[in-house]
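These numbers were taken from a predicted model, which means no experiment stands behind them.
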Amino acid sequence: MNDTTQPATIRVFIALAPPDDAKDELARALAPAYAAHPGMRWNRIEDWHITLAFLGELPVATVPPLHHPLAELAAARRPLDLSLRGGGHFDSRVLWSGIAGDVPGLHRLADDVRALVKEAGIPYEGRPLRPHLTLARARRGDLTGVPAAVGVLDGFEGRSWPTARLHLVGSDYARGPAPVRYQDLVSWPFTGAGPGPGLRARGSVR
């Protein structure tokens, strides 16, 4: 008998996604690292995203109430002009590309998203935003590949692009050697003429 029971929880985050041509541009720059470090856990290009708020594992029933407020937020905001620039790593375990462009606007958007999450009754104690695009993770026991791969992104300056949509995304736990898999649950276009209500801009972070 097939088990058709739906999971009671889902791992959720809210994010932005670069357009395909910007991702292709970065993938071409990463080609030498792909070849030199095939053993790293490379994220699929279609899964690349800029996380605004990671909500963690939530009961499935708590997710739909987020749809309307997030849709209203996106509708009130104009697109941000961003680009991908350079790279770095977190503790030799996570390889990332930096974000350039309207980073203060990105911080304001993340602040507003996180405020809406709390207003929807979902406890949120996330870390301060460090805008980046996660590219790969180290295999267990190998902390040399990620720092070595960073060099291919030295001097990388991607083209500017407007953020098109606000995404609510679900993911699995990526148990074992498999990479994390993401599913776009729903997304909304940025169609407004202004930034909407927001907190004072913070400093630019790469």
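- Proximity of Ile50 to Leu82: side-chain heavy atoms (C-beta onward) are separated by under 4.5 Å at one or more points.
- Between Ala136 and Trp42 the shortest heavy-atom distance is CB-CE3, 3.6 Å.
- The shortest distance between side-chain heavy atoms of Arg139 and His37 does not fall below 4.5 Å.
- By the neighbour-count criterion of 12 heavy atoms within 6.0 Å, atom CZ of Arg140 is sparsely surrounded, having that number or fewer from other residues, nucleotides or ligands.
- Considering all non-hydrogen atoms of both residues, Phe190 and Thr163 come closest at CD1-O, 3.6 Å.
- A distance-only check finds no donor-acceptor pair linking the side chain of Arg85 to the backbone of Gly98 [under 3.5 Å].
- Note on Leu143: it does not cluster hydrophobically with Phe90, by side-chain heavy-atom contacts below 4.5 Å among ILVMFWY residues.
- Although no hydrogens or angles enter the test, the distance criterion places a donor-acceptor pair under 3.5 Å between the side chain of Glu25 and the main chain of Arg159.
- One distance of note links CZ of Arg78 with CG of Leu109; it measures 11.5 Å at 0.5 Å rounding.
- With a 4.5 Å cut-off on side-chain heavy atoms, Leu133 and Pro18 count as touching.
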Check: Do Leu55 and Leu66 pass the side-chain contact (heavy atoms from CB on, under 4.5 Å) test, and can you show the C-alpha distance, the side-chain angles, and the key distance before you say yes or no?
Finding: CA-CA 11 Å; Leu55 311 187; Leu66 288 171; 3.8 Å; yes
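- Among residues two or more places apart in sequence or in another chain, the ring pair (Phe, Tyr, Trp, His ring centres under 6.0 Å) test is passed with His89 by none.
- Residue-environment remark: NE2 (His67) exceeds the threshold of 12 foreign heavy atoms within 6.0 Å.
- Side chains of Arg137 and Val146 form no contact here, defined as non-hydrogen atoms less than 4.5 Å apart.
- The heavy-atom pair separating Ser92 from Pro147 by the smallest distance is OG-CG, 3.5 Å.
- In terms of heavy atoms, Ile122 sits closest to Thr62 at CD1-O, 3.9 Å.
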Next item on the list: Could you give me the CA-CA distance, side-chain angles and deciding distance for Glu72 and Trp188, then say whether side-chain contact (heavy atoms from CB on, under 4.5 Å) is met?
Entry: CA-CA 9 Å; Glu72 285 193 327; Trp188 306 273; over 6 Å; no
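- Not a single donor-acceptor pair under 3.5 Å links the side chain of Asp91 to the backbone N or O of Arg93.
- Rounding to the nearest 0.5 Å gives a distance of 6.0 Å between CG of Leu16 and CG of Leu106.
- The aromatic ring centres of His167 and Phe13 sit 6.0 Å or more apart.
- For the atom pair CG of Leu166 and CZ of Arg77, the computed distance is 9.5 Å after rounding to the nearest 0.5 Å.
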Note to self: Between Leu153 and Leu135, is the side-chain contact (heavy atoms from CB on, under 4.5 Å) condition met? List the steps.
What the structure shows: CA-CA 11 Å; Leu153 294 177; Leu135 304 173; 3.9 Å; yes
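- Proximity of a side-chain donor or acceptor of Ser97 to a complementary backbone N or O of Gly86 within less than 3.5 Å is detected.
- Between the side chain of Arg114 and the backbone N or O of Leu52 there is at least one donor-acceptor pair closer than 3.5 Å.
- Residues Val169 and Ile14 fail the side-chain proximity criterion, which asks for heavy atoms closer than 4.5 Å.
- Across all their heavy atoms, Trp96 and His132 have their closest contact at CB-CD2, 3.9 Å.
- A salt bridge links Asp20 with Lys23: the closest approach of a Lys/Arg side-chain nitrogen to an acidic carboxylate oxygen falls below 4.0 angstrom.
- To the nearest 0.5 Å, atom CE of residue Met40 and atom CG of residue Asp142 are 8.5 Å apart.
- Side chains of Tyr182 and Asp184 form no contact here, defined as non-hydrogen atoms less than 4.5 Å apart.
- When all heavy atoms are compared, the tightest approach of Leu80 to Asp102 is CD2-OD2, 3.4 Å.
- Note that CG of Leu84 and OG of Ser160 are 10.0 Å apart. Values are rounded to the nearest 0.5 Å.
- Partners of Tyr124 according to the ring pair (Phe, Tyr, Trp, His ring centres under 6.0 Å) rule, which considers only residues two or more places apart in sequence or in another chain, do not exist here.
- Within the 4.5 Å cutoff, no side-chain heavy atoms of Asp24 are placed close to those of Leu26.
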